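Only one structure is covered here, and it is reproduced in the block below.
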There are 2 protein chains.
Amino acid sequence: MTQTPERLTKGERTRRRILHTALEIFAERGYAGVSLREVASRAGITHAGLLHYFTGKDDLLLTMMIERDRAEIEAIRSYVAAGTGPSSVEQIIVRWMIRDIARNQSRPDIAPLFVKLSTEATESGHPAYDYFRGRYIRLRETLARGFAYEFAAAEPPVEGRDPGLCAQQFIALADGLQVQWLLDPESTDMVASLLDYLGILGIDAEGWADIAVPEDRSA
Amino acid sequence: MTQTPERLTKGERTRRRILHTALEIFAERGYAGVSLREVASRAGITHAGLLHYFTGKDDLLLTMMIERDRAEIEAIRSYVAAGTGPSSVEQIIVRWMIRDIARNQSRPDIAPLFVKLSTEATESGHPAYDYFRGRYIRLRETLARGFAYEFAAAEPPVEGRDPGLCAQQFIALADGLQVQWLLDPESTDMVASLLDYLGILGIDAEGWADIAVPEDRSA
DNA sequence: GTCTATATTCCGATAGAC
DNA sequence: GTCTATCGGAATATAGAC
């Protein structure tokens with residue numbers, strides 16, 4: 001399904017280059033503050049050329065978000081399907097998120113993007129409002145199943161905690177820590193803070209930031 | 001020091017009306033996506049009229065943030081100074097924040113403002129970057145002292161927890177919950193989630209959302 | 001598939017009348 | 001203190017050449 005870059009048409013390569021550039025710039029400066037001209041310029045074409053591939057700024061944003069999500073989901077599924085250990089998504093999702101944040105803390109990439117765009121998109125009527133709403137709901141559900149698994153797997157098992165509430169708190173913590181980290185990286189160790197939270201819950205998450213998962217090939 | 005509205009000059013009233021309007025609009029749509037013309041229009045003047053009071057868009061943003069902060073700080077100080085109970089800021093700051101979020105959850109007002117602008121301001125070079133950086137540092141310090149107090153006052157006292165780390169987590173949680181709440185209010189009870197977090201730490205925060213504090217008169 | 005050229009709208013900011 | 005008028009620039013988007 002996923003072709004190697006060498007086999008792609010010139011148009012498809014340009015399209016991917018635009019998406020990659022858009023991701024970088026939106027991550028740096030949000031959505032409203034960025035112009036198509038700037039994205040096009042950094043991608044090596046004019047803004048009119050860019051509009052050959054996307055109908056407008058909104059389309060570029062949503063396409064980028066959706067493709068990014070799909071790549072991430074496929075990476076998780078293929079890791080699980082590889083069968084080297086865990087055999088379902090809920091057995092790995094909490095660890096995956098920890099590792100994801102650890103990787104982003106050492107090499108900032110797309111994490112700022114989601115925080116900036118999600119807050120910007122909270123205005124109803126924003127082009128990505130529905131997308132983010134659905135994304136948070138899905139993530140919360142997946143993570144809730146992950147917490148239910150971790151609670152049962154913990155030694156001793158954790159009882160009396162609501163997995164859904166913990167999922168909500170975990171996501172909120174990850175988002176909020178991102179803001180503090182971007183403003184003041186030296187004072188904020190996101191991974192340590194998240195592991196500490198899991199520790200409070202009764203989950204021993206030692207070493208979860210280092211679990212080996214395949215690098216995903218970004219768009 | 002603070003005059004009643006009736007005694008203000010016409011210019012001062014206009015100035016405050018502009019600040020109030022700016023707060024509303026920035027809270028709705030962030031900074032980059034808002035024009036001075038729109039703020040001015042909703043305040044009942046032209047954008048040229050607005051620029052009689054502020055040197056530019058950046059000035060409007062920073063003045064608004066700083067005055068908002070000052071009003072909040074003064075409200076806390078005057079409550080403490082009233083001497084009806086707690087005699088220092090650290091004895092009330094955690095409860096104050098809970099009540100503040102409870103009030104904002106029932107009557108959304110300025111809470112979205114800080115989440116949206118702070119993420120937008122994480123780009124270095126943003127006009128409010130330094131402001132937010134300093135704000136988070138100060139808030140974290142104040143809240144850390146608050147947690148140290150609450151840990152000592154808890155029954156039984158909480159031991160072995162780092163107040164600074166808890167302050168960081170509490171702020172992150174509040175910010176992150178705000179995003180989920182704005183996207184999906186029905187699924188997110190911010191106050192319940194924060195009280196649950198305090199409960200995990202060993203702090204019984206029952207009823208903290210209902211503590212009586214004087215309404216602050218907003219700008 | 002990408003360009004130039006352009007239409008249209010809106011931006012922040014200034015000058016100066018009243 | 002607030003206005004009209006306007007500047008210079010940049011935005012999204014379209015039309016059509018190559």
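A quick note: this is a predicted structure, and the numbers were derived from the prediction, not measured. We name chains A, B, ... by the order of the sequence lines, and we start the count at 1 in each one.
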Within this structure, what is the [atom1]-to-[atom2] distance between [X] and [N], rounded to whole angstrom?
| X | N | atom1 | atom2 | answer |
| --- | --- | --- | --- | --- |
| B:L8 | D:dG1 | CG | C1' | 15 Å |
| B:D58 | C:dG12 | CG | C1' | 10 Å |
| A:E12 | C:dG1 | CD | C1' | 13 Å |
| B:R37 | D:dA10 | CZ | C1' | 13 Å |
| B:R15 | D:dG1 | CZ | P | 12 Å |
| A:L36 | D:dT14 | CG | C1' | 14 Å |
| A:I45 | C:dC3 | CD1 | P | 6 Å |
| A:K57 | C:dT9 | NZ | C1' | 15 Å |

Answer yes or no: does a side-chain N or O of [X] lie under 4.0 Å from OP1 or OP2 of [N]?
| X | N | value |
| --- | --- | --- |
| B:T14 | D:dG1 | no |
| A:S35 | D:dA10 | no |
| B:K10 | D:dG1 | no |

Below 4.0 angstrom, N of the basic side chain to O of the carboxylate: do B:E38 and B:R29 qualify?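 Counted as a salt bridge, because a side-chain N and a carboxylate O are separated by less than 4.0 Å.
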For B:E123, is there an ion pair with A:K116 - N to carboxylate O distance below 4.0 angstrom? no
Contacts of type side chain to side chain contact (heavy atoms under 4.5 Å, CB included), residue B:L62, not counting sequence neighbours: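 B:L62 satisfies side chain to side chain contact (heavy atoms under 4.5 Å, CB included) with B:A128, B:Y131 once adjacent residues are dropped.
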Just by distance, with hydrogens left out, do A:S193 and B:Q168 show a side-chain donor and acceptor under 3.5 Å apart? yes
Please work out if A:V34 contacts a base, only the sugar-phosphate, or nothing of the nucleic acid, heavy-atom cut-off 4.0 Å.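 Sugar-phosphate: the residue A:V34, judged by heavy atoms under 4.0 Å, touches backbone atoms but no base.
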May I have the list of side-chain donor-acceptor pairs in residues 141-148 of chain A shorter than 3.5 Å, sequence neighbours left out?
unit_1	atom_1	unit_2	atom_2	d
A:T142	OG1	A:R138	O	3.0

Does A:K57 qualify as a cation-pi partner of A:Y31, given the criterion of NZ or CZ under 6.0 Å from the six-membered ring centre and within 45 degrees of its axis? yes
Output the residues of residues 46-55 of chain B in contact with DNA chain D, where contact means a heavy atom of the residue under 4.0 Å from an atom of the strand; sort by number or write none.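 Heavy-atom cutoff 4.0 Å gives B:T46, B:A48, B:H52, B:Y53.
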Is the shortest side-chain heavy-atom distance between B:P112 and B:Q178 below 4.5 Å? yes
